[in-house]
Every structure is written in structure tokens, then in C-alpha cells.
Amino acid sequence: MKQTGLETNMAAHTWWEVIARHAQDHPQRHAFIYRDHGISYAQFVALVERCARLMIARGIKKGDCVALLSPPRPEAMVTFFAAARIGAMWVGLNPKYKTRELSYVIGHAQPALLMTIRSFEERDYEADLESVLDTLEPTQKRPDLVIFDDDGQAGDESIMPLLDILDPHDQTAAGHDLAQVDPSAPCMLVYTSGTTGNPKGVLLSQTALLCRSTVQANVFYTEHYPVV
């Protein structure tokens, strides 16, 4: 998946304000490219908005953690921005994690929602995660497990299997209001490599991530990829 460059500035306080502004100013500009098909900012914000409402419909609240186990795909971008939209924390689970590493990170992060691709590179993540969840401590709440498939679609259609599973009938999502969130609150939980022990969780706020992205966009060259 190729990002085409996301210019930011500190006048925008949340990630939602950044992408909403881009969708308003440049609705047809590519937010990113997947399988040589571009997803425009207009399409992107629509996906994020729907995903955010679906997360709320499944009981996700501000401060909750949501986790995604997947290779680099549009689901990663959409679920992160959707979580940030509602004030939840997003954690990306490395598809190279062994079962022991998955067990530790899931047990430590305690996600309320765990989304995973069913299989990747001949690995059965559904079976791995079921075994991991069976080993959780009795005091730990089992996360809501959502399993989606790669249906081979490109563009904005590629994320539909996950969104359809989050709410197959899409009956509850539309009525939820999306309130403003505190940009200084944590929006991402990142785990270190754990080379000298178990990985350490690091909390990052929207403000911190926006600052980093602004520096990257303003100082470091970002290549814009054409759609083939």
C-alpha cells in the first residue's frame, strides 16, 4: 500500500480535521494507493466515518483500545483514523508476531475490539487468535473478535469485507453522533521490539503524531506515485 503524501499543519488539532479538510479542498486527490488503485480523500473520509460509527455501534468508547492484525492494507488506515475519530486507541499487531508475542501484547493492551485478516502467507490467524484468547486471564475480558477475508478487491471496495462484518445489516451505525475528541489524549499504542524482554507499550497522542507528520511532510521528500 502506497501513501501518496499527507500534508499537515498544526492549525489542525485532530487527524479527522486533517483528512476532512483535504476531502473538502481536494476530494479527488488520492489519499493512498492500494493494488494500483487510488482511494480518494472523499472516499477515505466516507470509509472512516462509517467505520467510526460501526465501532460505536459495537460498544467502543473513548479510551477503549481497538487492535488490528493485518499486513499493510487499507484496513489499517481506515481503522486507525476511525479510532482516532471517536477517541479510542489503536494498536497494530505485527503479522510476523509468534503466538507468544500475540498473547503478551493482546493481554497487555486488552483491546475491546480485535480485528484480524483470516489468513496471510498461509498462516491461519483465526486459529492462532482463538488459541491466544483461550489463554487470557480470567480477570481479562475477551475482546470482540472480528475476522475478515481478502476478497481481492481494490480501491475503497477492499475494506468492505471488514465493514460489512462489523455491522452486516448497517442498521445501528447511522444514528450515532461523533463528538469531538481531545487531541492530547492517546490515540495509538505502539509496542517496542522487545529485544531485551517483553515489548513495552508506548502511548502516542494525536498532537504528537501530527507534529511528527508535519515535520516529515515539510522536511523530507515524499514521492507521489501515479496510478498505473
Side-chain angles (χ1 to χ4, degrees), residues 1 3 6 8 13-16 18 48 51-52 54-56 58-117 120 123 125-148 162 166 180-216:
M1 185 174 67
Q3 282 185 255
L6 180 65
T8 64
H13 298 293
T14 67
W15 277 117
W16 175 252
V18 171
V48 170
C51 187
L54 292 173
M55 285 182 177
I56 293 175
R58 295 188 79 98
I60 303 302
K61 308 178 297 298
K62 287 183 180 181
D64 283 346
C65 181
V66 300
L68 175 72
L69 175 58
S70 170
R73 291 170 49 91
E75 288 85 0
M77 296 288 287
V78 172
T79 58
F80 164 68
F81 279 89
R85 178 77 171 99
I86 63 176
M89 291 184 297
W90 184 91
V91 57
L93 299 173
N94 191 332
K96 299 297 184 182
Y97 275 165
K98 304 299 183 185
T99 304
R100 181 191 65 80
E101 295 167 309
L102 284 172
S103 180
Y104 174 78
V105 172
I106 291 172
H108 184 268
Q110 298 187 43
L113 174 65
L114 174 55
M115 300 162 285
T116 180
I117 195 165
F120 175 66
R123 183 173 173 184
Y125 287 108
E126 180 179 9
D128 285 352
L129 288 175
E130 288 289 356
S131 66
V132 165
L133 297 182
D134 286 342
T135 64
L136 290 177
E137 296 293 332
T139 56
Q140 294 177 323
K141 184 178 179 181
R142 185 183 177 98
D144 185 5
L145 180 61
V146 172
I147 302 165
F148 63 95
L162 173 58
L166 281 174
Q180 289 283 21
V181 301
D182 179 2
S184 66
C187 71
M188 181 181 284
L189 178 56
V190 178
Y191 282 86
T192 62
S193 60
T195 53
T196 58
N198 287 324
K200 305 296 189 296
V202 179
L203 293 172
L204 299 174
S205 69
Q206 295 199 44
T207 301
L209 289 173
L210 277 166
C211 180
R212 178 187 181 279
S213 298
T214 300
V215 172
Q216 182 174 340

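Residue numbers count from 1 along this sequence.
Put simply, the side chain of Q110 never gets that close to the backbone of Q140: no donor and acceptor are under 3.5 Å apart. The backbone N or O of N198 sits less than 3.5 Å from a side-chain atom of K200, completing a donor-acceptor pair. In this structure a side-chain-to-backbone donor-acceptor pair under 3.5 Å is present from T207 to P183. Judged purely by atom type and a 3.5 angstrom limit, Y97 has no side-chain atom pairing as donor or acceptor with the backbone of L69. Judged by distance alone, with hydrogens and angles left aside, the side-chain atoms of E101 form a donor-acceptor pair with the main-chain N or O of K98 at under 3.5 Å.
Between the CZ atom of F120 and the NZ atom of K96 there is a distance of 6.0 Å, given to the nearest 0.5 Å. Atom CZ of R100 is separated from atom OG1 of T135 by 12.5 Å, given to the nearest 0.5 angstrom. Rounding to the nearest 0.5 Å places SG of C65 at 10.5 Å from NE2 of H108. L136 CG to K141 NZ: the interatomic distance, rounded to the nearest 0.5 Å, is 12.5 Å.
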| Yes or no on side chain to side chain contact (heavy atoms under 4.5 Å, CB included) for D134 and R142, after CA distance, side-chain angles and deciding distance? | CA-CA 9 Å; D134 286 342; R142 185 183 177 98; 3.4 Å; yes
| said: Determine whether L129 and I106 satisfy the following criterion, side chain to side chain contact (heavy atoms under 4.5 Å, CB included), listing intermediate values before the conclusion. | reply: CA-CA 10 Å; L129 288 175; I106 291 172; 3.6 Å; yes
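Contact between V132 and S103 at its shortest, heavy atoms only, is CG1-CA, 3.6 Å. Across D144 and L113, no two heavy atoms sit closer than the pair O-CD1, 3.4 Å. Scanning all heavy atoms of the two residues, the minimum distance from S205 to C187 falls at C-SG, 3.8 Å.
Between R85 and T14, the closest side-chain pair of non-hydrogen atoms is not below 4.5 Å. Contact of the I117 side chain with the F148 side chain is registered, since non-hydrogen atoms from C-beta on lie closer than 4.5 Å.
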